[in-house]
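Since the structure comes first, as structure tokens, the remarks are kept for the end.
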There are 2 protein chains.
Amino acid sequence: MTDDPRWLSTHELQAWMRLEAVAELLPAALDQQLQRDADLSHYEYLVLAKLSEAPERTLRMSGLAASTNATLPRLSHVASRLEARGYLTRVRSEDDRRATLATLTEEGWRKVVATAPTHVAEVRRLVVDRLTPEQVEHLDAIALAVLGALDPENRLEAQNPVVSPDDACGNAAG
Amino acid sequence: MTDDPRWLSTHELQAWMRLEAVAELLPAALDQQLQRDADLSHYEYLVLAKLSEAPERTLRMSGLAASTNATLPRLSHVASRLEARGYLTRVRSEDDRRATLATLTEEGWRKVVATAPTHVAEVRRLVVDRLTPEQVEHLDAIALAVLGALDPENRLEAQNPVVSPDDACGNAAG
DNA sequence: CTATGTTGGTTGTAGCGACAACACATGCCG
DNA sequence: CGGCATGTGTTGTCGCTACAACCAACATAG
């Protein structure tokens, strides 16, 4: 327990303050775009997106909560609203009658398909298109390193990318 | 208005998903550390820290709200709580009797001094110490680029670094 | 010196997320 | 089969933030 602060250098401090600002502003910006264009919160969109990528478009509540970094009560509330809006349905599992399976409805699927393009466009506008290809590589490595501390269990990481990994080039960035 | 999604490449998608995870987890992690060690929310700490750096340890509410990226109502509520806890005081400005000046109390100052070291240690543990010096430079440039879209007015950026800029090296990163 | 518009802050109201308490199913042990 | 610990979701309660309404102080015009 040394009380020695080991203060940050000028460069470290500046990089940190900027990262802090990004971490503060980015979620709000994404939320705003989705709210405006799709009447969905960022988290609601995430739930629908995860379901859309899952086999049978179905996931257990507990698994869905873990992969979206939410507590089970939070997911339960959100799922209630999304169910009321017709985007998903919940049924008891027959294998384990404690579990609840959430399934994306056809309408929910259409909602995701309609929402994704503008969301991706926003991601490009705010981040990807502002960076050089080298910076994208750097960002990937940096974020991976930071996630080593933030998410050691790797619960949020890369369950299954939407695109097939076949076209990945040989660059071993990680 | 092309509906062409311009989907993300494999590398772009991976870097984006990781950044998204960081932006999701980092604020929560900071909040948790401060709540645990200092019984302060991240935003409360930010308010106290900004005041501690200001001349006379005093700022106008409107300026404080802008520099902490908060709405005025939010700051007003938070200031009420912090005032009740003895960390700051609010007085009407004599120059402009519409304005309210928030001043850090001696107790508030001691709170910041006591809290900052562990907070910096957490920042090191989660981010800075996990990156090479080159990666810190990369992160700085990347975050700066992204902030160009997120915060074009530059309201959150570098009002006045805590350390004097004298020891800044000649590297023109911006 | 009033009348009007603008700026600066505070106080209600509504919605969302965290935490705790609760209900229900399962597994295990005797 | 009965009983308790564990796993899985749902339902209350509280605190915080956004938004809107409101109040007070300045600024300017006539």
Side-chain angles (χ1 to χ4, degrees), chain A residues 23-25 27-36 38-48 51 58-85 88-103 155, chain B residues 23-25 27-36 38-48 51 58-85 88-103 155:
Chain A
E24 178 75 20
L25 296 173
L30 297 174
D31 226 85
Q32 192 173 358
Q33 180 267 321
L34 286 165
Q35 200 72 54
R36 172 167 46 82
D39 196 30
L40 289 175
S41 73
H42 186 205
Y43 182 71
E44 289 171 334
Y45 173 76
L46 193 60
V47 167
L48 299 182
L51 285 176
T58 297
L59 287 173
R60 289 166 62 125
M61 293 290 284
S62 54
L64 186 52
S67 71
T68 56
N69 187 40
T71 59
L72 210 32
R74 177 180 182 186
L75 176 60
S76 184
H77 286 299
V78 171
S80 295
R81 293 172 228 150
L82 292 174
E83 192 171 29
R85 291 170 68 177
L88 61 81
T89 58
R90 281 181 291 183
V91 296
R92 290 302 234 217
S93 167
E94 305 202 349
D95 301 349
D96 182 345
R97 299 194 57 78
R98 292 172 296 183
T100 302
L101 300 178
T103 303
R155 295 189 316 172
Chain B
E24 178 74 22
L25 296 174
L30 297 173
D31 226 84
Q32 192 172 358
Q33 180 267 321
L34 286 166
Q35 199 72 55
R36 171 168 46 82
D39 195 30
L40 289 174
S41 72
H42 187 204
Y43 182 70
E44 289 171 334
Y45 173 76
L46 192 60
V47 167
L48 298 183
L51 285 176
T58 298
L59 286 172
R60 289 167 62 123
M61 294 290 283
S62 55
L64 185 53
S67 71
T68 55
N69 186 40
T71 59
L72 211 30
R74 179 182 181 185
L75 175 60
S76 184
H77 285 298
V78 171
S80 296
R81 292 172 231 149
L82 292 175
E83 192 171 30
R85 292 171 67 178
L88 60 82
T89 58
R90 282 181 290 183
V91 296
R92 290 301 234 218
S93 167
E94 304 203 349
D95 301 350
D96 181 344
R97 299 193 57 78
R98 292 170 297 180
T100 301
L101 299 178
T103 302
R155 294 189 315 171

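Labels below follow one simple rule: chain letters A, B, ... track the order of the sequence lines, proteins then strands, and each chain is numbered from 1.
- Annotation: of the two residues near DNA chain C, B:S62 and A:V78, the 5′-most nearest-nucleotide partner is B:S62.
- When each of A:S80 and A:D96 is assigned the nucleotide of DNA chain D with its nearest heavy atom, A:D96 is the one assigned upstream, toward the 5' end.
- Atom CG in A:D39 sits about 10 Å away from atom P in C:dC16, given to the nearest Å.
- If you take CG of A:L75 and P of C:dC16, they are 15 Å apart, rounded to a whole angstrom.
- Each of B:T100 and A:D95 lies near DNA chain C, and the nucleotide nearest B:T100 is the one positioned closer to the 5' end.
- The distance between atom CZ of A:R74 and atom P of C:dC19, rounded to the nearest whole Å, is 12 Å.
- Per the geometry, CG belonging to B:L72 stands 7 Å off P belonging to C:dT10, to the nearest Å.
- For the pair B:D31 (side chain) and B:H42 (backbone), a donor-acceptor distance under 3.5 Å is present.
- Within the 3.5 Å criterion, the main-chain N or O of A:L64 finds a donor-acceptor partner in the side chain of A:T68.
- Here the nucleotide nearest the side chain of B:R98, chosen from C:dC16, C:dT7, D:dA18, is C:dT7.
- Atom pair A:R90:CZ and C:dC24:P shows a separation of 16 Å (rounding to whole Å applied).
- Note: CG (A:L101) to C1' (D:dG9) measures 12 Å, nearest angstrom.
- B:Y45 OH to B:L34 CG: the interatomic distance, rounded to the nearest 0.5 Å, is 7.0 Å.
- Residue A:S76 is in base contact, counting any heavy-atom pair closer than 4.0 Å across all strands shown.
- From A:L72, atom CG reaches atom CE of A:M61 across 6.0 Å, with rounding to the nearest 0.5 Å.
- In this structure, B:E44 contributes its side chain and B:L82 its backbone to no donor-acceptor pair below 3.5 Å.
- Set against D:dC19, D:dG9, C:dG8, the side chain of B:P73 has D:dC19 as its closest nucleotide.
- OP1 or OP2 of C:dT10 has not a single side-chain nitrogen or oxygen of B:R92 nearer than 4.0 Å.
- Going from atom CZ of B:R97 over to atom P of D:dC23 covers 20 Å, rounded to whole Å.
- Taking atom NE2 of A:H77 as the reference point, atom C1' of C:dG15 lies 12 Å away to the nearest angstrom.
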